[in-house]
Amino acid sequence: MTTAAASPTDVTSGQYNYVVTAQKPTSVTHSVVGNFTHEDELNLVVAKCTRVEIHLLTPQGLQAMMDVPIYGRIATMELVRPPFEKKPMLFILTERNMFCVLSYDAAKGELITRAMGDLTDRVGRPSECGPIGAVDPECRMYGLHLYDGLFKVIPMDQTGQLREAFSVRLEELQVFDVKFLAGTPKPTIAVLYQDTKEGRHIKTYEVCLKDKDFNPGPWAQNDVESGSRFLIAVPAPLGGVVVVGEKVIAYLNKETTHGVGDGGGGGGGGGGGMIVKAIAMQSDATIMTYGAVDKDGSRYLLSDSAGRLHLLVLMHDKTRVRALKLESLGQTSIASSLSYLDNGVVYVGSAYGDSQLVRLHSTPIPIAGGGGGDGDGGGGGGGEIVPVDSGAVTDAPNYVEVLESFTSLGPIVDFVVVDLDRHGQGQVVTCSGVHKDGSLRVVRNGVGIHEQAAIELPGVKGCWALKNADDAVSDTFLVVAFIGETRILAINDKDELDETEFEGFAGDERALACANVDGGYACQVTSGGIRLVDVATGALRARWTPEPGERVSVAAANRTQVVVALEGGTLVSVAAGGGGDAMDVDDASPLLRELARVNVGHEIACLDVTPLADPRAASSEICAVGLWSAEVRVLATATLEELSSAPLTDAEVIPRAVLLCSFEGIPYLLAGLGDGQLFTFALMGERSGIIGDGKKLSVGTQARSIHWFPYDRVGV
């Protein structure tokens, strides 16, 4: 959603700046996984600064469902499922201490706000580490650390209804993380904090809802590693927390038996009523985030500042942790969030580079080679990407396969607006990413196109989509032309493309043009003429052939008209459709009627007969012709009378494509050359066909084909 705001810059002169959002946030700050939209559906919920995206996990990958703006920068996002609720709810806290609880209404297909409010206090110093949010595993409360020395509690009943919030005095001032412990009779938090001597410790507290105060917790641990960054709450029955530091990862929990913890297998000894297991990290990089793999907390994915993905395994006997094991899996983007989806597939959300969808393998796999091919820069928010640092290359085995990457422009360290192609349209060159994910990116204004599927079909010369009926909403057939044949693909009952046949189409000839024709027909133009078939049965209904010795070289068609160019510069206009039911297949069939024929004096390179007002209209009063003499002409379609012409100034190659189209109600004639140049001519009117002033711009270095496509019901 585009947001706008006006701010005065000069009150006396009345000048204002109008600020709009040109690009939605792309960097991922949080992600969670759960059955948010339906109890039988698995969803990935992604937070991107001020927006929340909801995706559905399908066998084909992630399917976008919703993109919702949030009024504020998201600081915390959690999924919570109260005991009496079938689906979890989404808790969101912004950096300005505003919160909301959202649920999904499957009947209406929209989000519902279950609760919202402002948690700002009149007094208090905001926490230096930023807002910290946590949810009790038994869904008894939300806990928030927003101000130094205070802990905010929002009680919650079993239906998810919130009660009046209150604050509890917290002795520890410099708090780095807060987590609720699992398997405790009363809500219990573990607090990672730093004292005045820069020593870091962990203390636990029980939250007493009746007294609105803290009671001493079941355990405490002094002098944990000085670089400890965050806590991981381990689910029941194991319980306890994992403390992630710069050099050491430790598991802490209260000893529930009289035995002393064993110290083997990469763990430290237990003592003093505590279970302490620790393992040293082999890398100098700092752990940035984590994601749980198993519901019982046996395995966790960790991502460090170098983009390496690790697997932390808590080796246990279902009642207590015996040892820790850490294994390196491979390289990904530097992660800000990790979400394990299913079947070894992990979403790596990144605020430092491109987010990724990766698959974890049980055996090592080869590392995919990088590098891109030559070609034109991307458009619509994409652009060329120039890597700055590909990261360290190691001989460690790789278990990570990148399935998909999601382009992100953030964080943008610097940018400049330049006119790279020198045609008056500025482009933004950004310094994006951090460390190994840093890159230069060129952002162009245009239409973003996202590839859904791809298949290798070498030698394709043309492609057209056809409907199976005049009133059909979507296309059913895909006609693909090769050098010496034409093939037809159709969508079957399983929504898959299968090869089919139209008996009336010439399968052993290359199609020059195809289109739906009113009356339930489809036409195919080849070098041997025009064929009109019943689109439902594929049976041949009419045929038009040129004179002996003539061959069709170029063609264009719409719903009622076909214009063909013959070798030697002859142009023929043919009316299609409009006949009765069963027709004799002969050259005099009223389903295909030759209206006019003219020789334009030069070989014809390209044609177009797209209706100007609406590309979906039945007919066009004018048609466009591109000639080998480096000029374009506009003719009346019915009579082929020349209306106007214009030279392609300084053109060194012939035009390869022409198109009649309208932008914001203004008719234009576009001509694409074989060297990537594009000429644009304004037309004086939709019917007059008079060519006005022209402009030339570069859209690449190779030949371009020009087509229209529908966008918000407007032909582009």
Side-chain angles (χ1 to χ4, degrees), residues 27-36 42-48 52-55 57 62 74 76-81 88 90-91 132-135 137 177 179-180 182 229-235 238 240-245 249 251 279 281 283 285-314 324-362 399-406 408 437:
S27 62
V28 175
T29 55
H30 304 79
S31 64
V32 291
V33 177
N35 310 101
F36 182 65
L42 188 62
N43 301 105
L44 172 68
V45 184
V46 178
K48 295 183 178 180
V52 172
E53 295 181 0
I54 301 175
H55 302 264
L57 183 62
L62 292 176
I74 298 173
T76 298
M77 184 174 70
E78 298 284 350
L79 279 178
V80 185
R81 192 178 75 84
L90 187 65
F91 175 81
I132 301 174
V135 181
D177 200 6
K179 286 292 188 295
F180 278 93
R229 295 172 52 84
F230 58 86
L231 304 176
I232 303 176
V234 180
L238 298 177
V241 296
V242 174
V243 187
V244 180
I249 298 176
Y251 170 80
I279 187 171
M281 293 187 59
S283 172
T286 304
I287 299 296
M288 305 291 290
T289 188
Y290 74 94
V293 176
D294 305 308
K295 292 184 178 180
D296 63 355
S298 300
R299 295 180 296 174
Y300 293 92
L301 293 171
L302 306 176
S303 178
D304 62 26
S305 56
R308 286 187 290 269
L309 192 65
H310 308 271
L311 180 65
L312 175 65
V313 182
L314 276 60
L324 302 183
K325 182 180 179 182
L326 188 65
E327 183 176 358
S328 180
L329 300 180
Q331 197 81 16
T332 66
S333 297
I334 302 175
S336 57
S337 69
L338 292 171
S339 296
Y340 183 84
L341 301 179
D342 197 7
N343 296 327
V345 178
V346 180
Y347 178 77
V348 181
S350 178
Y352 313 99
D354 292 345
S355 298
Q356 295 174 326
L357 196 66
V358 303
R359 183 186 299 278
L360 304 181
H361 292 265
S362 58
Y399 299 88
V400 178
E401 175 192 2
V402 179
L403 302 178
E404 189 175 0
S405 293
F406 306 93
S408 174
D437 294 330

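Note: hydrogens, waters and symmetry copies are ignored here, and every other heavy atom, side chains too, is used.
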Enquirer: Working to the nearest 0.5 Å, report the span between CZ of Arg81 and CG of Asn35.
Expert: 8.5 Å

Enquirer: From Glu78 CD over to Leu90 CG, what is the distance, rounded to the nearest 0.5 angstrom?
Expert: 9.0 Å

Enquirer: Apply side-chain hydrogen bond (donor to acceptor under 3.5 Å, both in side chains) to Thr286 and list each qualifying residue two or more places apart in sequence or on a separate chain.
Expert: none

Enquirer: Quick check for you: to the nearest 0.5 Å, what is the distance between Gln356 atom CD and Ser408 atom OG?
Expert: 11.5 Å

Enquirer: Apply side-chain contact (heavy atoms from CB on, under 4.5 Å) to Leu309 and Leu360, showing your working.
Expert: CA-CA 10 Å; Leu309 192 65; Leu360 304 181; 3.9 Å; yes

Enquirer: Does the pair Val313 and Glu327 meet the rule for a side-chain contact (heavy atoms from CB on, under 4.5 Å), with working shown?
Expert: CA-CA 8 Å; Val313 182; Glu327 183 176 358; over 6 Å; no

Enquirer: Can a donor-acceptor pair be found, under 3.5 Å and without considering hydrogens, that links the side chain of Asp294 to the backbone of Asp296?
Expert: no

Enquirer: Below 4.5 Å, heavy atoms only, C-beta onward: do Leu341 and Val346 meet side chain to side chain?
Expert: no

Enquirer: Quick one: CG on Asp354 to OG1 on Thr332, what's the gap to the nearest 0.5 Å?
Expert: 11.5 Å

Enquirer: Provide the closest heavy-atom pair for Pro235 versus Lys295 in the form atom of the first, atom of the second, distance.
Expert: CG-O, 3.4 Å

Enquirer: For a 4.5 angstrom cut-off between non-hydrogen side-chain atoms, does Ile232 reach Leu302?
Expert: yes

Enquirer: Test of understanding: with ring-ring contact (aromatic ring centres under 6.0 Å, His included), list the residues that count as partners of Tyr399, not counting sequence neighbours.
Expert: none

Enquirer: With rounding to the nearest 0.5 Å, note down the distance linking CD in Glu53 to CZ in Phe406.
Expert: 9.5 Å

Enquirer: Can you list everything that forms a ring-ring contact (aromatic ring centres under 6.0 Å, His included) with Tyr340? Sequence neighbours excluded, please.
Expert: none

Enquirer: Run the side chain to side chain contact (heavy atoms under 4.5 Å, CB included) test against Thr289 and tell me which residues pass, sequence neighbours left out.
Expert: Ser303, Ala335, Leu338

Enquirer: With no hydrogens and no angle check, is any side-chain donor or acceptor of Glu401 less than 3.5 Å from a backbone partner on His361?
Expert: no

Enquirer: Any side-chain to backbone donor/acceptor pair from Asp304 onto Gly307? Under 3.5 Å, distance only.
Expert: yes

Enquirer: Would you call Asp177 and Lys179 a side-chain contact if the rule is heavy atoms closer than 4.5 Å?
Expert: yes

Enquirer: For Ser305 and Ala285, which heavy atoms make the closest approach, and how far apart are they?
Expert: OG-CB, 3.5 Å

Enquirer: For the residue pair Gln331 and Val400, establish whether any side-chain heavy-atom pair is separated by less than 4.5 Å.
Expert: no

Enquirer: With sequence neighbours excluded, what pairs up with Ser337 under the side chain to side chain contact (heavy atoms under 4.5 Å, CB included) test?
Expert: Val28, Ser31

Enquirer: Run the side-chain hydrogen bond (donor to acceptor under 3.5 Å, both in side chains) test against Arg359 and tell me which residues pass, sequence neighbours left out.
Expert: none

Enquirer: Evaluate Val33 against Asn43 for side-chain contact (heavy atoms from CB on, under 4.5 Å), listing each step before the verdict.
Expert: CA-CA 6 Å; Val33 177; Asn43 301 105; over 6 Å; no

Enquirer: What verdict does the side-chain contact (heavy atoms from CB on, under 4.5 Å) test give for Ile279 and Tyr251, after you've listed the backbone C-alpha separation in whole Å, the side-chain angles of each residue and the deciding distance to 0.1 Å?
Expert: CA-CA 9 Å; Ile279 187 171; Tyr251 170 80; over 6 Å; no

Enquirer: Are Val242 and Tyr290 packed together at the side-chain level, in the sense that at least one heavy-atom pair is separated by less than 4.5 angstrom?
Expert: no

Enquirer: Nearest 0.5 angstrom please: Arg299 CZ to Leu312 CG, how far?
Expert: 11.5 Å

Enquirer: Is any side-chain heavy atom of Ile287 closer than 4.5 Å to one of Arg229?
Expert: no

Enquirer: Do Ser336 and Tyr352 come close enough that some side-chain heavy atom pair is under 4.5 Å?
Expert: yes

Enquirer: Is there a side-chain contact between Val80 and Pro88, using heavy atoms and a 4.5 Å cut-off?
Expert: no

Enquirer: What is the minimum heavy-atom distance between Val46 and Met77, and which atoms define it?
Expert: C-CE, 4.2 Å

